[in-house]
Amino acid sequence: MEMEKKVFVVVVLSFALFLGVAQSLDIHEKDLESEDSLWDLYERWRSHHTVSRDLSEKQRRFNVFKENVKNIHEFNKKDEPYKLKLNKFGDMTNHEFKSTYAGSKVRHHSMMRGASRGTSGFMYENVESVPTSIDWRTKGAVTPIKDQGQCGSCWAFSTVVGVEGINQIKTKKLVSLSEQQLVDCDTTVNQGCNGGLMDYAYDYVKTNGGLTTEQGYPYTAQDGTCDLQKSSAPVVTINGHQDVPANNENALMQAVANQPVSVAIEASGFAFQFYSEGVFTGSCGTELDHGVGVVGYGTALDGTKYWIVKNSWGSSWGEKGYIRMQRGIKASHGLCGIAMEPSYPIKTSANPSAAEEASSSLKDEL
């Protein structure tokens, strides 16, 4: 009995300690009172996010952290529909953040590509009635949040969101697919951790005969040599892809009502770096530098329309890895250029494994 009490006390204390750490990451006025209080906050932040820094650079990192903390705290005093928080990017300058996490050069690759090589037409053009809201997460078509790490492979994650989504919609099976296969093997034009374009990636998936699973070809967050044995055993196929008409949020809505869609956005701003919750309405441009997936849309209680966007910066960023971005703004390109270059995969034929199962089943019947 005495032992049970001790265990209970340890559990309670551990839980309280966990809550204390979690709460300590909120920024309070007392944290900004002095250099010492800011240092204390920095050490708590480093411990919480398991961030190690060399002594030689620790002071410089602290100075960056201090400025970020002050800017986040000042922003959250404003009456904005979204909030910022001190996340794992806390001691990175915005330039460093942009280079590492929003450096996919999507716009550059798009300009180099010229005309789209996707299947001509827009299959949802004549869809007249779409739901007022949809969330493909609740329909089982979206895998858990992933983390690209310090590798500019967002284009691969964006592509995989599309393929995973349409595969589940067509087969009713949600299969987590390999981004690393795209990073290592789709190298004719795309450049792995140095950026790429979703259209090229969809071309590769079709030409290669599909993608293998994430488990079969796990993510390493770095460029590697294509494993031909793993990449030549695809489990999910597509028949091509199409581009949503550019600069048309209504067309994007028609597509998203039917399946998750790959989009490119400008995600390198300070507000994007530290976004925490709410409908993002911040100022951003159209220098597309990050690939993500739109997995739904809806309307907030205050009437603000939004897109549900799946990111690839881990579940500790934003709303458990997601961001809601304002939908239906006056500019035709959409907020942060979200409507400029959307694309989605087409799937009409069975996966290799499904075809094999059908063939085996037919043989059994015979």
Side-chain angles (χ1 to χ4, degrees), residues 89 92 94-118 146-164 177-212 214 216-232 234 238 240-241 243 246 261-268 272-273 285-293 309-314 336-338 340-345:
F89 306 130
M92 295 180 74
N94 184 248
H95 176 73
E96 290 170 331
F97 166 77
K98 179 178 179 179
S99 300
T100 307
Y101 291 94
S104 192
K105 310 180 188 73
V106 174
R107 189 64 173 155
H108 166 76
H109 286 285
S110 178
M111 292 174 68
M112 294 293 288
R113 177 196 65 187
S116 171
R117 295 189 296 174
K146 304 180 184 184
D147 193 342
Q148 69 186 70
Q150 296 188 8
C151 167
S153 56
C154 60
W155 58 273
F157 285 83
S158 174
T159 302
V160 165
V161 170
V163 179
E164 290 173 342
L177 299 173
S178 175
E179 291 84 9
Q180 192 65 41
Q181 181 182 345
L182 290 172
V183 171
D184 291 352
C185 306
D186 179 21
T187 55
T188 302
V189 182
N190 285 333
Q191 299 175 347
C193 288
N194 289 315
L197 189 64
M198 288 77 82
D199 282 85
Y200 289 137
Y202 282 133
D203 286 338
Y204 165 83
V205 177
K206 178 186 176 183
T207 303
N208 184 67
L211 285 176
T212 192
E214 179 182 23
Y217 201 146
Y219 188 65
T220 64
Q222 59 186 0
D223 293 321
T225 302
C226 182
D227 189 318
L228 296 177
Q229 184 175 358
K230 293 177 181 178
S231 63
S232 61
I238 62 172
H241 75 280
D243 293 330
V261 174
S262 297
V263 297
I265 57 175
E266 182 180 291
S268 54
F272 228 95
Q273 180 176 348
T286 57
E287 191 59 39
L288 308 179
D289 52 25
H290 190 52
V292 290
V309 178
K310 183 183 184 184
N311 203 353
S312 53
W313 295 340
C336 305
I338 196 170
M340 290 175 69
E341 296 189 15
S343 57
Y344 57 88

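In this structure, Asp199 contributes its side chain and Ser343 its backbone to no donor-acceptor pair below 3.5 Å. Using a distance-only test at 3.5 Å, with no hydrogens or angles considered, no donor-acceptor pair links the side chain of Glu341 to the main chain of Ala264. Here the side chain of Trp155 pairs a donor or acceptor atom with the backbone of Gly192 at under 3.5 angstrom. Judged by distance alone, the side chain of Gln181 and the main-chain N or O of Thr212 form a donor-acceptor pair under 3.5 Å.
The OG1 atom of Thr159 lies 7.5 Å from the CG atom of Asn190; values are rounded to the nearest 0.5 Å. If you take CD on Gln191 and SG on Cys193, they are separated by 11.0 Å, rounding to the nearest 0.5 Å. How far CG of Asp203 is from NE2 of His241: 5.0 Å, rounded to the nearest 0.5 Å. Atom OH of Tyr219 is separated from atom CG of Leu182 by 11.0 Å, given to the nearest 0.5 angstrom. Going from atom CG of Leu211 over to atom CD of Glu164 covers 9.0 Å, rounded to the nearest 0.5 Å. Taking OG1 of Thr286 as the start and CG of Leu288 as the end, the distance is 6.5 Å to the nearest 0.5 Å.
In this view, Ser99 satisfies the side chain to side chain donor-acceptor pair (under 3.5 Å) rule with no residue, not counting sequence neighbours. Listed by chain and residue number, Asn94 satisfy the side chain to side chain donor-acceptor pair (under 3.5 Å) test with Gln273 (two or more places apart in sequence, or in another chain). Applying the side chain to side chain contact (heavy atoms under 4.5 Å, CB included) rule to Glu266 yields the partners Ser268, Cys284, Glu287, Asp289; only residues at least two apart in sequence or on another chain are considered. Not counting sequence neighbours, the partners of Ser158 by the side chain to side chain contact (heavy atoms under 4.5 Å, CB included) test are Met198, Ser262. Partners of Asp147 under the side chain to side chain contact (heavy atoms under 4.5 Å, CB included) rule, at least two apart in sequence or in another chain, are Lys88. Every residue two or more places apart in sequence or in another chain was checked for a side chain to side chain donor-acceptor pair (under 3.5 Å) with Ser178, and none qualifies. Scanning for ring-ring contact (aromatic ring centres under 6.0 Å, His included) contacts around Tyr204 gives an empty result, with sequence neighbours left out. Listed by chain and number, the residues in a side chain to side chain donor-acceptor pair (under 3.5 Å) with Gln222 amount to none (sequence neighbours excluded). Qualifying side chain to side chain contact (heavy atoms under 4.5 Å, CB included) partners for Gln150, counting only residues two or more places apart in sequence or in other chains: Thr100, Tyr101. Qualifying salt bridge (charged side-chain N to carboxylate O under 4.0 Å, His left out) partners for Lys230, counting only residues two or more places apart in sequence or in other chains: Asp227. Remark: Tyr217 engages no residue in a ring-ring contact (aromatic ring centres under 6.0 Å, His included) (not counting sequence neighbours).
For the residue pair Pro342 and Val263, the shortest heavy atom distance occurs at CB-CG1, 3.9 Å. Across all their heavy atoms, Gly210 and Asn208 have their closest contact at O-ND2, 2.9 Å. Annotation for Cys154 and Gly291: closest pair SG-N, 3.2 Å, computed over non-hydrogen atoms.
Screening residues 181-194 for salt bridge (Lys or Arg N to Asp or Glu O under 4.0 Å) gives no qualifying pairs among residues at least two apart or on separate chains.
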Inset, instruction - Could you go through the side chain to side chain contact (heavy atoms under 4.5 Å, CB included) check for Trp313 and Phe272 one step at a time? - result: CA-CA 11 Å; Trp313 295 340; Phe272 228 95; 3.9 Å; yes
Inset, instruction - Check step by step if side-chain hydrogen bond (donor to acceptor under 3.5 Å, both in side chains) holds for Gln148 and Ser153. - result: CA-CA 6 Å; Gln148 69 186 70; Ser153 56; 5.0 Å; no
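The side-chain contact (heavy atoms from CB on, under 4.5 Å) with Phe157 is formed by just one residue from the set Lys310, His290, Lys146; it is Lys146.
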